[in-house]
Amino acid sequence: MVENRRWQALIGHAVLILGVVVVFFPIYVAFVASSHDLRTIAQAPMPMLPGAHLWDNYVRAITSGSESAGNAPVGTMLWNSFVMAMVIAVAKIAISLLSAFAIVYFRFPFRMGFFWMIFITLMLPVEVRIVPTYEVAANALAPIQHLLDAVGITDAVAWLFSIEIALKWNMLDTFAGLTIPLIASATATFLFRQVFMTVPDELAEAARMDGAGPLRFFKDILLPLSRTNIAALFVILFIYGWNQYLWPLLITDNLLTVQIGLNRMLAVGDGQVDWPIAMATTILAMIPPVLVVVFMQRWFVKGLIESEK
Amino acid sequence: MQKRVTFNSRTLPYLLVAPQILITLLFFIWPAIQAVGQSFQREDPFGLRTAFVWFDNYIRLFGDPFYYHSIQITLVFSLLVTLLSMGVALFLATMADRVIRGATGYKTLLIAPYAIAPVIAGVLWLFMFQPTIGIVAYMLDQLGYDWNYHVHGNEAMMLVILAAAWKQISYNFLFFLAGLQAIPKSLIEAAAIDGASPTRRFWTIIFPLLSPTTFFLLVVNIVYAFFDTFGIIDAVTSGGPGSPGATNILVYKVYSDGFVGLDLGGSSAQSVVLMIIVIALTVVQFRYIERRVHY
Amino acid sequence: MATVDIRGVRKTYAGLAFETIKGIDCAIADGEFLVMLGPSGCGKSTLLRMVAGLERITSGDIAIDGRVVNELEPKDRNIAMVFQNYALYPHMNVYGNMSYGLRIQKLPKAEIDRRVREAAAILELSDFLFRKPRALSGGQRQRVAMGRAIVREPSVFLFDEPLSNLDAKLRTQMRVEIKRLQQRLGTTSLYVTHDQVEAMTLADRLMVMKDGIAEQIGTPLEVYRNPASVFVAGFIGSPAMNFLPGRVTADGGAVELTGGVRLATQLTGGLAGGEDVTVGVRPEHLAPAANGAAAPSGNEVQVAVDLIEALGADTVVHSRLDGTEDRLLARLPGSVTVTPGMTLTLTVEPGALQLFDKATGRSLSARS
């Protein structure tokens with residue numbers, strides 16, 4: 001066994017290097033393609049080494065995008081994606097912290113009801129409720145309208161005051177529509193619930209003796225104690241937000257995220273895809289989340305493992 | 001579940017849960033109820049009138065050969081994505097567990113694809129396999145193979161499987177490596193002293209001890225293949241080619257029937273079926289996690 | 001400074017069928033150090049937490065300085081508490097921990113600083129003010145927890161088994177420090193512990209608790225000398241008191257043990273001849289009979305020695321009452337030579353005998 005170790009390690013390294021090469025090959029190909037002009041790429045076989053148009057292509061992508069996507073600049077798309085990812089990550093953490101705090105540190109009627117209601121969201125990904133969720137985004141007040149109609153208030157008001165109640169809040173193609181429907185989070189709520197459960201009871205009692213009310217305790221004690229968990233979760237949720245696809249596809253039209261913008265660049269029918277620009281966009285779209293994962297690896301791994309508990 | 005110490009307030013807890021609950025009600029519960037309701041209704045072609053049709057949509061759905069086709073390819077797709085991705089990840093993780101030096105470096109490199117969006121993964125693979133200009137398609141052509149996933153359903157299926165499995169390797173690798181590193185080295189050394197060969201050691205000691213991780217990843221990968229691969233399908237094949245679409249997996253079919261084809265009743269019935277699948281998978285996952293606590 | 005009055009306090013937890021505290025009355029004087037002692041689950045911590053305002057009172061009243069505080073939040077009761085596991089805020093340094101309550105009260109910065117530094121000086125923590133709790137030793141953490149209580153200048157200190165997380169040596173040392181501190185500050189203190197040595201050394205008065213009832217309240221010496229029940233007698237004193245079955249003689253002036261030995265007692269009033277009782281004798285009240293000479297009282301027992309523990313100053317003798325299975329433990333001076341297997345004659349003063357009702361376990365001295 002001992003004498004085999006060197007060989008085993010050698011084989012291990014060889015396999016791993018091969019694995020890394022295979023895993024990175026598609027990314028490398030995209031990178032190479034993003035550094036040539038269209039003519040070079042459109043002629044098979046494409047070169048396997050980077051070309052001279054790297055700077056050109058990226059500048060062009062960021063400032064004016066691709067013709068097939070209406071020349072929407074990728075710079076704007078990246079900004080939209082960034083805002084969406086930040087809002088989703090921060091808001092998910094914020095509302096999950098608050099609801100976990102309520103569920104762990106208060107006793108109130110319907111507490112378990114709320115808990116289960118949050119739990120159920122685990123079982124309802126966007127994918128299984130596409131059309132009705134889109135309808136809510138088209139008019140977020142529709143459910144209330146339905147309620148008013150159902151109990152007869154609409155009719156009563158129309159009869160009494162000759163006013164027709166027609167509630168409308170269209171969230172389509174807005175940042176609100178892009179983010180708000182995605183910020184409920186059972187996973188984050190459960191994670192923080194778990195974290196709070198491990199905070200010793202005596203700490204809360206000591207804070208009470210010190211005269212801290214619930215909000216003060218939350219701000220001064222719980223938040224600082226959860227900050228590593230918050231950081232870990234932030235990494236995961238930022239990537240989650242950045243990588244959203246189906247929901248933006250449904251509700252955005254002009255407010256393009258980089259994922260949707262890229263898809264538009266490819267949807268040319270019988271025309272020619274501007275591959276160098278599309279590939280530059282692909283690389284640009286993966287840089288932020290990959291950087292986050294690589295440079296915040298410690299938090300990322302922690303977050304990934306914790307959010308599965 | 002609860003603390004010994006609790007704060008007293010009549011209104012504060014409700015204010016604290018309000019944002020989460022409002023969003024959940026508005027964008028999760030209400031649409032889900034709507035989906036269930038709509039699955040029992042049918043709209044006329046102009047969307048002017050709806051009629052309550054009981055289980056008609058479901059009967060139509062399960063009488064539809066296209067739907068069976070979609071179920072079938074979804075199963076094939078999920079199974080192959082899961083096996084391929086977990087197999088490669090386990091193999092790489094075993095190697096990374098073996099090399100002591102540099103393991104962290106490989107880990108950093110191998111987890112990077114986790115951060116890549118499904119749709120981006122789809123685009124990367126689609127570019128390599130583009131029939132006219134793709135580098136891999138060109139090589140296949142040189143070998144005398146006429147590759148065109150726009151035409152051949154099997155090739156399209158293979159391509160989305162590759163892209164989907166590729167993206168998931170990172171995740172599986174990370175969990176397998178953590179699982180392997182948690183196995184006490186003394187156990188493996190004891191087996192080595194007993195004269196077990198490396199292969200035998202793997203299958204009789206390591207693999208059984210890894211089974212909780214494996215089972216957990218199995219569920220996660222199936223969920224991923226079922227629901228999170230929408231972007232890959234949309235970018236690479238849009239459910240095609242052909243009719244019934246060779247890569248029209250269940251999630252994509254809900255979208256194309258409901259959102260593109262505007263068949264509300266049928267799409268809602270499909271949504272409800274998917275909901276039942278998610279519920280079943282979630283239950284399996286949670287029962288398993290309960291077991292892991294005792295483990 | 002303040003008094004604390006506990007009047008008919010009861011506690012029933014929601015969902016539990018029995019009462020955790022079954023009606024306790026106790027008036028604690030200004031500046032008094034009251035120790036609540038009992039085995040785990042006796043309700044002593046619950047009682048303390050009710051005084052603190054961390055648990056609701058089911059019925060009865062708790063008054064601090066004459067003001068009923070049943071409905072007051074902990075912060076409004078002018079009290080401070082030291083917790084078993086210290087409950088220091090792990091992300092704040094010593095200064096932050098000690099000043100947190102004062103900052104919430106919005107005291108002026110200078111005043112906060114003065115109080116924290118003063119307390120730190122008393123507790124010898126001045127050099128550690130800017131360290132996090134995890135960089136402190138167990139004893140230092142304990143002192144920070146006390147410092148946090150001191151800076152609030154409360155009218156009552158509450159201690160919930162504050163020393164139980166320390167090792168034996170540190171515990172003895174901190175015990176002395178707490179006593180010294182309390183004498184210096186003169187603050188009314190309620191202290192919960194299950195350690196009888198801690199209780200005896202710290203207390204002005206003891207409350208011995210069992211199953212939600214105060215079995216006895218009194219000074220340590222009262223409790224030691226005149227335990228109110230078999231439970232108290234057995235709980236206080238180490239090694240524990242011996243209990244022997246006995247019967248009151250016809251004239252009521254003595255008890256007869258198993259095997260027929262008669263021991264004279266001083267508790268004659270109220271005793272009915274023929275009554276079954278439990279006879280309690282503390283190991284340290286047994287003495288070896290002087291060679292050949294009979295004890296003045298005639299109270300002698302023959303015991304068969306089966307094990308000895310030589311502790312140096314003392315020798316603890318494990319034995320059986322001759323001719324019976326009743327066990328007897330005696331603590332004799334270390335100078336006495338005893339070996340296992342020998343028969344020994346021990347004497348006991350009539351005044352040292354405790355008699356308890358066999359059925360209820362209550363002391364019979366209370367009856368007379």
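Every chain is numbered from 1, with letters handed out A, B, ... down the list of sequences.
Between chain B and the options Ala33(A), Pro26(A), Gly12(A), Ala137(A), the largest number of non-hydrogen pairs under 4.5 Å is found for Pro26(A). By number of non-hydrogen pairs under 4.5 angstrom with chain B, the leading residue of Leu249(A), Ile120(A), Val126(A), Leu182(A) is Leu249(A). In terms of non-hydrogen atom pairs under 4.5 Å with chain A, the most contact-rich of Leu110(B), Leu22(B), Val254(B) is Leu110(B). In terms of heavy-atom pairs under 4.5 angstrom with chain B, the leader among Ala278(A), Pro109(A), Pro288(A) is Pro109(A). No other option in Leu291(A), Val292(A), Leu215(A) has as many heavy-atom pairs under 4.5 Å with chain B as Leu215(A). In terms of non-hydrogen atom pairs under 4.5 Å with chain B, the most contact-rich of Val199(A), Val22(A), Ile11(A), Val294(A) is Val199(A). Among Ile111(B), Leu174(B), Asp141(B), the residue making the largest number of heavy-atom pairs under 4.5 Å with chain A is Ile111(B). Ranked by heavy-atom pairs under 4.5 Å with chain B, the list Pro143(A), Ala14(A), Ala30(A) is led by Pro143(A).
Of the atoms belonging to Phe226(B), not a single heavy atom falls under 4.5 Å from chain A. Heavy atoms of Leu18(A) lying under 4.5 Å from chain B are absent altogether. With a 4.5 Å cut-off on non-hydrogen atoms, Leu246(A) touches chain B through its backbone and its side chain both. For Leu12(B), the part lying near chain A is the side chain, with the backbone staying farther off; criterion is any non-hydrogen pair under 4.5 Å. Interface remark: Thr108(B) contributes backbone and side-chain atoms alike to the contact with chain A (heavy atom separation under 4.5 Å). Looking at Leu281(B), neither its backbone nor its side chain comes within 4.5 Å of chain A, counting heavy atoms on both sides. Contacts between Gln130(B) and chain A at a heavy-atom distance below 4.5 Å involve the side chain alone, from C-beta outward. At a 4.5 Å heavy-atom cutoff, Phe295(A) makes no contact with chain B through either its backbone or its side chain. For chain B, the nearby part of Leu262(A) is the side chain; its heavy atoms alone come within less than 4.5 Å. Neither the backbone nor the side chain of Trp242(A) comes within contact range of chain B, judged by heavy atoms closer than 4.5 Å. In this structure, the portion of Met286(A) lying under 4.5 Å from any heavy atom of chain B is its side chain and not its backbone. Both the backbone and the side chain of Met275(B) come within contact range of chain A, each with at least one heavy atom under 4.5 Å from a heavy atom of that chain. For Tyr138(B), the part lying under 4.5 angstrom from a heavy atom of chain A is the side chain only.
Looking at heavy atoms from C-beta onward, Ile130(A) lies out of side-chain contact with Ser267(B) at the 4.5 angstrom threshold. Taking 4.5 Å as the limit, every side-chain heavy atom of Thr282(A) sits out of range of all side-chain heavy atoms of Phe127(B). Considering only heavy atoms from C-beta on, Met48(A) comes within 4.5 Å of Ile135(B) through its side chain. Proximity of Ile120(B) to Gln259(A): side-chain heavy atoms (C-beta onward) are separated by under 4.5 Å at one or more points.
Judged as a salt bridge (Lys or Arg N to Asp or Glu O under 4.0 Å), and not counting sequence neighbours, Lys92(A) has no contacts. By the salt bridge (Lys or Arg N to Asp or Glu O under 4.0 Å) test, Arg98(B) pairs with no residue at all, sequence neighbours left out.
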- Message: Please evaluate residues Met117(A) and Leu25(B) with respect to the criterion side-chain contact (heavy atoms from CB on, under 4.5 Å), reporting the C-alpha separation (whole Å), side-chain torsions for both, the decisive distance (0.1 Å), and the verdict.
- Response: CA-CA 8 Å; Met117(A) 202 184 282; Leu25(B) 280 175; 3.9 Å; yes
- Task: Please step through side-chain contact (heavy atoms from CB on, under 4.5 Å) for the pair Leu266(A) and Leu126(B), ending with a clear verdict.
- Result: CA-CA 10 Å; Leu266(A) 300 179; Leu126(B) 139 120; 3.8 Å; yes
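Pairs engaging residues 17-27 of chain B under the side-chain hydrogen bond (donor to acceptor under 3.5 Å, both in side chains) rule: Ser99(A)-Gln20(B), Thr189(A)-Gln20(B) [sequence neighbours left out].
Within 6.0 Å of the CZ atom in Phe91(B), the count of heavy atoms belonging to other residues, nucleotides or ligands does not exceed 12. A 6.0 Å sphere centred on CD of Gln43(A) holds no more than 12 heavy atoms belonging to other residues, nucleotides or ligands. At most 12 heavy atoms of other shown residues, nucleotides or ligands fall within 6.0 angstrom of atom CZ in Phe110(A).
Ring geometry for Phe108(A) against Tyr14(B) counts as perpendicular: the plane angle is over 60°, on a 0 to 90° scale with 30° as the lower cut.
Of residues 30-39 of chain B, those residues with a non-hydrogen atom less than 4.5 Å from any non-hydrogen atom of chain A are, in numerical order, Trp30(B), Pro31(B), Ala32(B), Gln34(B), Ala35(B), Gln38(B).
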